[in-house]
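Note sheet for the following structure.
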Amino acid sequence: MEEKPSASIKPYLDKLTLGVTRILETSPGVAEVKFVEKEPAERHTIISWEQKNSCLLPEDLKNFYLMTDGFQMTWSVKTDDTPMPLGSMVINSVSKLCRLGGSSMYTLPNAPTLADLEDDTGEEGSGDKPEKPHFDSRSLIFELDPCNGNGKVCLVYKHAKPVVSPDTEIWFLDRALYWHFLTKTFTAYYRLLITHLGLPQWQYAFTSYGVSPQAKQWFNMYKPITINTSLLSEEADSFVNKLDPNKVFKSKNKTPVIKKKQPSQPSGSQKSHTSMTSSKTSSLAGNSSRK
């Protein structure tokens with residue numbers, strides 16, 4: 001694996017990123033755009049994964065892995081001349097496409113698992129709400145993106161019994177272990193990932209509670225390339241600072257301000273003026289006493 005700057009990205013990789021590197025590099029305050037170029041996955045590696053997990057990868061994801069074994073692009077913003085990591089776009093390689101909630105040989109016999117969170121009385125999919133994945137053996141769940149600890153984007157086979165259905169969906173599992181539907185296909189999710197520029201917590205835009213106030217500030221500064229602008233709308237009882245990136249990241253070299261001192265009279269002149277005033281006063285008093 002070799003990390004190369006965005007300027008040396010090959011033409012087909014530039015198409016793979018949908019040209020988002022050029023958009024980021026021309027955005028104010030963006031300091032570093034890094035793309036980790038990876039070799040294509042071997043076909044036998046994909047077949048071995050499918051045999052191990054007793055399921056077939058969706059065709060679009062399989063073709064993606066045959067082009068590049070995973071995806072990683074990061075970018076930073078410069079604050080006080082120091083780059084600060086901000087955007088992150090990650091898709092795990094085939095070897096890291098691990099099952100979520102799978103049993104481990106190191107797990108204690110009576111240790112709690114994610115399957116213990118299942119509630120048969122929970123709401124099933126109805127109407128516009130799709131059926132949520134299950135942590136137990138009814139579903140197969142694989143981690144696509146660890147989301148920097150803000151949750152997990154997962155490839156979900158919702159129907160694993162009696163045989164694994166080839167139909168898959170992409171879901172987001174938040175830190176409170178609630179499921180949120182993202183897309184029907186990997187291709188649709190990949191477009192979401194790119195068009196949201198890998199901004200922090202962008203997956204929460206597809207939850208009922210939305211992104212955090214801090215993340216919304218970054219969304220307002222680097223608006224995602226998406227038609228979904230409702231997450232940027234301000235509510236009547238909310239307050240979001242209006243930040244201008246051109247002003248936030250402009251040079252902070254301030255010109256020194258020279259303070260002009262008020263001209264002060266010398267002490268000698270003040271004393272002479274005081275003595276003259278006192279002599280005039282005494283002379284006037286003497287004249288009045290003579291009269």
Side-chain angles (χ1 to χ4, degrees), residues 1-38 68 70-93 144-153 172 174-175 189-206 210-234 238-258:
M1 184 186 304
E2 183 180 357
E3 184 173 309
K4 298 182 180 180
S6 58
S8 63
I9 289 182
K10 298 177 182 179
Y12 81 94
L13 291 178
D14 188 46
K15 292 181 181 179
L16 180 65
T17 60
L18 305 180
V20 74
T21 53
R22 294 191 299 272
I23 296 175
L24 288 171
E25 288 172 341
T26 56
S27 299
V30 175
E32 297 176 352
V33 181
K34 294 182 179 179
F35 178 83
V36 179
E37 184 177 340
K38 301 186 178 184
T68 172
F71 181 87
Q72 183 177 351
M73 177 186 288
T74 58
W75 55 280
S76 306
V77 293
K78 184 174 289 187
T79 57
D80 295 331
D81 296 329
T82 303
M84 181 187 74
L86 183 64
S88 176
M89 292 169 264
V90 174
I91 294 174
N92 284 339
S93 61
L144 274 177
D145 181 4
C147 303
N148 287 330
N150 293 314
K152 294 180 185 296
V153 173
F172 174 60
D174 65 20
R175 296 188 64 179
Y189 168 73
Y190 180 74
R191 289 171 181 165
L192 281 182
L193 174 67
I194 296 295
T195 55
H196 282 82
L197 307 177
L199 286 164
Q201 304 175 20
W202 70 265
Q203 295 89 354
Y204 283 88
F206 296 88
V211 297
S212 66
Q214 182 182 6
K216 187 174 284 190
Q217 297 286 6
W218 294 116
F219 269 70
N220 278 281
M221 292 182 65
Y222 301 100
K223 290 181 175 59
I225 315 166
T226 174
I227 60 174
N228 181 20
T229 57
S230 59
L231 60 94
L232 298 178
S233 60
E234 297 181 27
S238 65
F239 175 79
V240 178
N241 290 331
K242 295 288 188 179
L243 298 179
D244 185 355
N246 295 303
K247 294 181 179 180
V248 172
F249 297 107
K250 69 179 183 180
S251 177
K252 295 186 178 182
N253 296 329
K254 297 181 179 180
T255 56
V257 179
I258 302 175

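Worth knowing before you read on, the calculation uses all heavy atoms, side chains too, and leaves out hydrogens, waters and symmetry mates.
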Between atom [atom1] of [X] and atom [atom2] of [Y], what is the distance when rounded to the nearest 0.5 Å?
{"X": "M89", "Y": "T17", "atom1": "CE", "atom2": "OG1", "answer": "8.5 Å"}
{"X": "Y190", "Y": "L144", "atom1": "OH", "atom2": "CG", "answer": "13.0 Å"}
{"X": "I194", "Y": "T21", "atom1": "CD1", "atom2": "OG1", "answer": "9.5 Å"}
{"X": "E32", "Y": "W75", "atom1": "CD", "atom2": "CH2", "answer": "12.5 Å"}
{"X": "W202", "Y": "L192", "atom1": "CH2", "atom2": "CG", "answer": "5.0 Å"}

Which heavy atom of [X] sits nearest a heavy atom of [Y], and at what distance?
{"X": "K78", "Y": "A31", "result": "CB-CB, 3.9 Å"}
{"X": "G151", "Y": "F172", "result": "CA-CE1, 3.9 Å"}
{"X": "S88", "Y": "N148", "result": "CB-ND2, 3.5 Å"}
{"X": "N92", "Y": "D145", "result": "ND2-N, 4.1 Å"}
{"X": "F219", "Y": "L199", "result": "CE1-CB, 3.9 Å"}
{"X": "T79", "Y": "M84", "result": "OG1-CB, 4.3 Å"}

Sequence neighbours excluded, the answer for salt bridge (Lys or Arg N to Asp or Glu O under 4.0 Å) partners of R191 is none
**Request:** Applying side-chain contact (heavy atoms from CB on, under 4.5 Å), run through V153 and L193 and close with a yes or a no.
**Result:** CA-CA 11 Å; V153 173; L193 174 67; over 6 Å; no
request  = Kindly assign one of parallel, tilted or perpendicular to the pair W218 and Y222, based on the angle between their ring planes and the thresholds 30° and 60°.
outcome  = parallel
Q: Quick one: sort the F71 and F35 rings into parallel, tilted or perpendicular, breaks at 30° and 60°.
A: perpendicular
Heavy-atom distance under 4.5 Å between the side chains of M221 and V77, does that happen here? no
Sorted by chain and residue number, the side-chain contact (heavy atoms from CB on, under 4.5 Å) partners of P85 (sequence neighbours excluded) come out as S76
Contacts of Q201 meeting side-chain contact (heavy atoms from CB on, under 4.5 Å) (sequence neighbours excluded), chain-then-number -> N150, Y204, S212, A215
